Every structure is written in C-alpha cells, then in structure tokens.
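Written out below as structure tokens is the structure these notes cover.
In what follows, every chain begins at residue 1, and chains take the letters A, B, ... in the order their sequences are listed. Everything numeric in this text was worked out from a predicted model, so none of it was measured.
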Amino acid sequence: MEFILITGRSLSQGREKEGGKFSEAYRNAVAICELDPQDLEALGIKEGDNVRIRTDFGSVVVKPLPSSQAPHRGIAFIPYGPWASMVTGDETHGTGMPTLKGIRAYIEPTKEPILKLQELYAGRLRVMP
Amino acid sequence: MSLTIANCVCPFCGCCCDDIEVRVQDGRIIGTRNACALGASKFLGYNHDRLPYPTIKVGNEARSVSLDEAIRKAAEILSKADYPAVYGFGSTSLEAITAALDLAEDLGALADNVSTICHGPSLEAVQNIGEVTSTLGVVRHRADLIVYWGSNPLHSHPRHMVRYGPMAKGRFRNGRADRKLVVVDVRRTLTARMADLFLQIKPGTDFEILTALRAYVKEIDLEVEEVEGVSAERIEELAELMMGCRFGTLFFGLGLTMSPGRNRNVEAALALVRDLNALTKFTIIPMRGHFNVEGANSAFTWRTGYPFGVDFSHGYPRYNPGETTFVDALNRGECDAALIVASDPISHLPRKTSERLMEIPTVVLDPHITPTTMAAEVAIPTAQVGIEASGTAYRMDGVPLDLRKLVDPPPGILTDEDVLRRIHRYVSGESP
Ligand code: SF4
C-alpha cells in the first residue's frame with residue numbers, strides 16, 4: 001500500500017537515545033512505524049508481523065504500531081534515527097535540507113526481522129575497545 | 001554527602017529550562033527536580049555508553065591511544081585534506097563553536113551546523129522576508145493566542161506549553177483559561193488534543209493553507225470553497241481568531257521546514273505574521289530542537305556573516321545553501337575529510353549521504369559511543385556540556401544562558417573547546 005512517510009521526534013526517541021543508541025530500548029523506540037489503526041487492518045498485519053518500508057531512497061524493516069495520534073490514514077510516521085535514515089532522501093532542492101518528511105513510501109507486512117544497529121551499517125562501524 | 005544545585009540549565013532541548021534542581025552525591029548526579037522526561041534522561045543517563053578513551057582506527061578496529069596521539073592524528077587528517085568539512089554543534093557550548101570556526105577558517109573548510117537539517121530553511125526564509133519576533137518571556141506574560149504549527153511540543157519540548165505556551169502563568173495572562181490554543185498538524189497529536197482549534201491538514205499543504213490565511217487577513221476573496229481539503233469556513237475561523245487576539249505567537253516546527261516547500265513554507269508563515277501586525281500584535285518563533293543550535297547560528301553569524309553552510313575555501317566566507325551546505329557537499333563527494341563535534345550525523349542523515357560520510361576519514365568529538373564515533377578514523381571523548389563542563393547556550397529565542405559544570409568529567413577528558421584549540425595549535429604548527 002502507498003503511504004506518505006514522515007519522520008520526526010517522539011518522546012521515547014528523545015528519552016531512549018540518552019540511554020545509549022545500542023540499547024534494546026532505543027531500538028524498540030525508533031525501529032518502529034506508527035500507522036493509523038485502519039491502515040494496519042487494511043494491510044492485514046498479524047500479531048508479530050513486521051513491515052517493510054520502501055521508498056525511492058532505500059528500504060528497511062521496522063515494527064508496525066497503532067498510532068496514538070490517529071486518525072491519519074495514509075500517513076506513516078517513523079521517529080528519527082538510523083532506521084528512518086535508511087529510507088529518507090538525500091535530495092535538498094537547493095536548500096541544504098534533505099528530504100525527511102513527505103516521502104512516498106510502499107509498506108507491506110513481512111516476517112523478516114528488524115536489523116540491529118550494527119547490522120544496518122553492515123560492517124562499516126568499528127569494533128570499539 | 002549530597003548537594004543540591006538549584007537553577008541549572010537543562011542541556012537537552014531548545015527550551016533551555018533554567019530552573020532545574022540537580023542532586024549530586026559523590027561526584028554523581030542522583031536526582032533532578034523540575035526536569036521533564038527528556039531532561040531527566042539526560043541528567044541521569046549521561047554516563048551510558050561513554051566513549052572511555054581516544055581511539056584511532058586500525059583495520060576494522062578502533063584502538064585506544066593517548067590524547068596527544070589522537071590530537072596529532074586528527075590535526076594530520078584535517079591539514080592533509082583539500083576540503084575538510086567541520087560540522088555539528090547542536091549540543092555543545094558557544095565557546096566550543098567559536099573555537100571550531102577559528103579552526104575551520106584556517107583550514108579553508110566547509111563549516112556547517114546541525115541547523116542545516118532542522119531550521120536551515122527557516123533561516124533562509126528569514127533572510128528573504130524578515131521576522132517579527134520576541135523573547136519567550138514576552139509570550140509568557142502577554143500572549144492570549146498560541147499557535148503550534150507543524151510542531152508537537154508535548155513530545156519534542158515537553159515543558160514548552162507550561163513555561164511559555166498556553167498553560168504558562170504570566171503577568172497579564174494567567175494560564176490556560178486566559179489563552180487560546182491552536183494546533184495545525186498532519187496528525188492528531190497529543191498537543192492537538194488540547195487545542196481550542198485543531199486544523200488537520202494534508203502533508204505538504206502548509207504553504208497553500210498559510211497563503212489562504214494571508215489572503216483572508218488581507219481581505220482578498222478566496223473564491224474557492226476549500227483549500228487542499230480544508231473548508232473556507234475553517235480557514236476563516238482560524239484567521240478571525242488570529243486577527244482578533246491581542247497578542248499572538250506562532251511557534252513552528254520541522255513540519256514546515258522538512259516538508260515539501262521547506263523555506264517557502266516558512267516564508268509564508270513569516271509573511272502571515274508580518275501581515276497580522278497591521279491588525280494586532282503577533283510574533284513568530286521557531287521551535288529549536290537541540291539546546292544550543294540557536295547558539296550555533298548566532299556564533300556562525302557573528303563570525304562569518306552567515307548562520308550555517310559557510311565555505312572558507314576561498315579564504316573568505318561564502319554562503320549559498322544547496323552548494324555550501326554539508327549534505328550537498330557530501331552528496332557531490334567534495335569533502336575529503338570531516339571534523340564532527342557533538343553530533344551523530346550517521347544516524348540522522350539520509351542513508352546515501354551517510355554512506356558518503358563513511359567513505360572519508362572523520363575526526364569525531366563526542367562524549368558517547370554512537371554510530372558516528374564508531375565510523376570515525378579518530379574519536380576523542382569530551383566532557384558533556386551543562387553537566388561536566390560550563391559554557392554558554394542560546395535558548396530558542398536567542399537569550400543566552402550559562403550552563404553549569406555540576407560534576408567532574410572522567411579523568412583525562414577535556415572539553416570540546418580545549419580539544420579543538422589543541423587540534424588548532426597542531427594544525428598551525430605550534431606546540432599543542
Ligand atoms: S523542556 Fe527541554 S529544556 Fe526543559 S527540561 Fe525538558 S528537555 Fe530540558
């Protein structure tokens with residue numbers, strides 16, 4: 001299904017990033033996608049399913065959650081963070097500001113797992129001492 | 001023995017709340033009062049995932065080294081580069097930012113700050129339109145109408161509504177009963193639920209709605225029944241509320257700057273507020289995210305004439321957003337090294353841009369282990385400003401506040417400012 005994707009701040013994203021970006025709590029706070037409950041139903045999401053989000057810029061698997069800020073049919077929200085960054089756009093239209101809101105996205109249920117932070121960057125982060 | 005330190009400034013969001021009480025015991029923070037969930041997580045969680053010592057990349061590993069060695073290596077990377085980028089600064093002191101600008105100038109670098117990916121478009125818009133503004137204190141004491149447009153303060157700036165917004169107890173306006181609250185957003189946010197008037201708009205239609213409001217204020221007939229799904233009556237209702245207040249303030253967030261239209265959206269908002277001043281008093285203030293991103297813009301402006309995206313490669317400052325901005329320069333592969341201070345761009349830049357950043361050697365100054373420090377060629381731990389180091393920050397309305405040092409940093413860990421000055425001395429060939 002087609003959606004308009006917006007990324008933004010959420011309270012738990014702000015709080016959990018202070019507890020460390022490699023924590024499970026941070027991943028649970030930001031590797032998610034808030035959808036309107038009616039859209040969740042229309043997507044046929046079952047308990048335990050994840051969603052794959054595809055945009056012109058990339059694709060990522062995150063956990064779908066019923067939005068507490070509904071109704072917003074057709075809008076998908078992901079908090080700022082490394083998972084959101086997988087699908088945001090580098091085009092700045094001459095302003096310096098990349099494309100972080102209002103992105104066309106395709107969303108489908110999947111059984112694929114949500115990657116851990118290190119896996120997202122596939123071997124590009126050094127092992128810290 | 002525990003010690004309570006009153007009136008501390010919270011080093012998290014652009015509200016810079018300056019009434020925080022911090023309890024310190026044996027050199028550790030054990031409690032806070034008055035801070036919101038975000039502020040408390042910062043004061044109590046600053047020791048999570050600390051970067052313990054300087055590291056240099058060796059193969060696929062980061063090896064711990066002495067501070068001197070890290071600084072020497074950092075200076076070597078930056079002086080060897082043809083066009084290094086110097087970037088970050090939302091969460092450090094004004095003193096560190098000026099030190100970084102001194103260094104950037106001598107390096108002939110591209111200097112940019114995190115506003116490039118938050119309110120950069122707002123600054124571009126202000127340059128085109130101008131801005132009718134005020135401090136938050138004036139809003140608190142006088143405003144009888146508060147508008148949040150594309151901003152969800154209950155999530156992003158949790159105490160904003162109580163300290164400066166609809167619930168604030170000011171001199172002439174005493175709390176919620178004395179003020180009206182309007183929220184314009186694409187989702188029915190928690191903030192929207194508290195509004196007297198909530199306008200839910202379609203993503204990417206801010207410009208149209210703002211322009212329709214302007215038309216109404218200027219008594220130009222709309223000649224349509226709806227604008228992008230919002231009925232003309234609703235637009236009229238909001239416009240009447242804005243025109244009829246005695247003192248209104250429009251706070252706008254990244255809903256305007258990041259959505260299609262970007263700086264044009266903000267221009268429309270600035271122009272609306274300007275037009276409203278023909279009829280009443282109205283001001284506009286951007287909801288700045290990080291506690292000192294406003295300070296970064298101010299320091300950049302007084303040093304170079306420009307608030308962000310400054311190119312020193314010609315020996316004098318140049319500014320042309322889209323060309324001299326961090327994301328664009330990385331996308332085009334122009335920078336061949338980067339110095340990053342107090343920021344985690346790898347987590348927050350779009351994937352393609354952060355891949356570019358991971359291809360070049362980077363020097364990163366940060367208190368914490370983040371994807372950006374883990375991808376660094378040289379990572380240097382620094383003290384947490386507002387907790388382990390003092391310094392100045394500018395609140396979202398440009399009011400300077402003193403951040404305090406509450407506890408000592410871990411042994412051997414310097415401030416961003418000290419590390420930057422030492423790198424600079426190495427770069428200039430002096431003994432550091
Ligand atoms: S509102 Fe912002 S500045 Fe105030 S306590 Fe919360 S995070 Fe800190």
With rounding to the nearest 0.5 angstrom, report the OG to CZ distance, A:S67 to B:R187. 5.0 Å
How many angstroms lie between atom OG1 of A:T88 and atom CD1 of B:I117, to the nearest 0.5 angstrom? 9.0 Å
With a 4.5 Å cut-off on heavy-atom pairs, point out which of A:G81, A:A84, A:G58 contacts chain B the most. A:G81
Around atom CD of A:E41, are there more than 12 heavy atoms from other residues, nucleotides or ligands closer than 6.0 Å? no
At a heavy-atom separation under 4.5 Å, does B:S115 approach chain A through its side chain, its backbone, both, or neither? neither
Side chain from CB out, backbone as N, CA, C, O: work out which of these in B:R188 comes under 4.5 Å of a heavy atom of chain A, or both, or neither. both
Contact class of B:C118 relative to chain A, heavy atoms under 4.5 angstrom: backbone
Quick one: does B:H155's side chain have a donor or acceptor within less than 3.5 Å of a partner on A:S10's backbone? no
Structural part of B:L349 lying under 4.5 Å from a heavy atom of chain A: backbone
Contact part of B:F12 toward chain A, heavy-atom cut-off under 4.5 Å: side chain, backbone, both or neither? side chain
Using only atom types and a distance under 3.5 Å, with no angle test, would you say the side chain of A:Y121 pairs donor to acceptor with the backbone of B:I346? yes
Top contributor to chain A contacts, counting heavy-atom pairs under 4.5 Å, from B:E355, B:K202, B:K57, B:H368: B:K57
Turns out that what part of B:E323 lies under 4.5 Å from chain A's heavy atoms comes down to neither
Is it the backbone or the side chain of B:A376 that comes under 4.5 Å from a heavy atom of chain A, or both, or neither? backbone
Under 4.5 Å to a heavy atom of chain A? For B:P121 that would be side chain
One should read off an interatomic distance between A:M86 CE and B:S354 OG, to the nearest 0.5 angstrom, of 6.0 Å
Residue B:D112 versus chain A: region with a heavy atom under 4.5 Å: neither
Among B:M258, B:Q200, B:H48, who wins on heavy-atom pairs under 4.5 Å with chain A? B:M258
Closest non-hydrogen atom pair between A:D90 and B:N331, with its separation: O-ND2, 2.9 Å
For a quick test of reading the model, state the closest non-hydrogen atom pair linking B:S347 to A:K21 and the distance between them. OG-CD, 4.0 Å
With a 4.5 angstrom heavy-atom cut-off, which part of A:L120 approaches chain B: side chain, backbone, both or neither? neither
What is the distance from atom CZ of B:R262 to atom OG1 of A:T92, rounded to the nearest 0.5 Å? 7.0 Å
For B:Q384, which atoms come within 4.5 Å of any heavy atom of chain A: side chain, backbone, both, or neither? neither
Is B:E61 close to chain A through its backbone or its side chain, or both, or neither, when contacts mean heavy atoms under 4.5 Å? both
What pair of heavy atoms forms the shortest contact from B:V186 to A:H72, and how long is it? O-CB, 4.0 Å
Turns out that what part of B:K352 lies under 4.5 Å from chain A's heavy atoms comes down to side chain
Can you tell which of B:T372, B:N263, B:L254, B:L330 has the highest number of heavy-atom pairs within less than 4.5 Å of chain A? B:L254
Nearest heavy atoms of A:Q69 and B:L190, plus distance in Å: OE1-N, 3.5 Å
Closest approach of B:R193 to A:A70 (non-hydrogen atoms, all atoms of both residues): NH2-O, 3.8 Å
Which atom names give the shortest non-hydrogen contact between A:F57 and B:R351, and what distance separates them? O-NH2, 2.5 Å
What parts of residues 94-111 of chain A touch chain B if we use heavy atoms and a cut-off under 4.5 Å? A:G94, A:T95, A:G96, A:M97, A:P98, A:T99, A:L100, A:K101, A:G102
Name the member of B:G120, B:S156, B:P260, B:G45 that forms the most heavy-atom pairs with chain A at distances under 4.5 Å. B:S156
Check each atom of A:E34 against the heavy atoms of chain B and say whether the ones under 4.5 Å are side chain, backbone, both or neither. side chain
Among B:L154, B:T257, B:T353, which has the most heavy-atom pairs under 4.5 Å with chain A? B:T257
B:D49 and A:Y26: side-chain contact (heavy atoms from CB on, under 4.5 Å), yes or no, with the steps? CA-CA 12 Å; B:D49 274 354; A:Y26 179 66; over 6 Å; no
